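Notes follow the structure.
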Amino acid sequence: VSGIGELTGDGVVPLEWTLLEGSKTIVLDGVLHSINEAGTTLPTDKWYGADAQVDRWLPEALKEAGISVDGNKNDQQSNIFDSIQKILSF
């Protein structure tokens, strides 16, 4: 996006563009902006929207938003989706 290939980031957006003053910062090493491996149509689990990556950032994002997630994993997943629907319905 910046046209400067050596900037630190996810391969698309420079990291410094994603850090908003006063916001909670979550930096995930090894995570990519693209759903596919570079130059291919092969999906990657390194994409920030992949299940394993969402598990790394969503709980902290929900906590920051004041949304608690309690219970076992199945209940947690259900609560997370319920919480996301609440956020999106505003």
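The analysis underlying the following values was restricted to heavy atoms, covering all of them including side chains, and did not include hydrogens, waters or symmetry mates. No experiment lies behind these values; they were computed from the predicted model shown.
Considering only heavy atoms from C-beta on, Lys46 stays 4.5 Å or farther from Val31 through its side chain.
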Which donor-acceptor pairs under 3.5 Å do the side chains of residues 20-30 make with protein atoms, sequence neighbours left out?
| from | atom 1 | to | atom 2 | distance (Å) |
| --- | --- | --- | --- | --- |
| Ser23 | OG | Leu20 | O | 2.6 |
| Lys24 | NZ | Glu60 | OE2 | 3.4 |

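We find the OH-CG distance between Tyr48 and Leu58 to be 13.5 Å, quoted to the nearest 0.5 Å. Here CD of Glu37 is found 8.0 Å from CG of Asp45. Values are rounded to the nearest 0.5 Å. Rounded to the nearest 0.5 Å, atoms OG1 (Thr44) and CG (Asn36) are 8.5 Å apart.
Closest of all the heavy-atom pairs between Pro59 and Val54 is CD-O, 3.8 Å.
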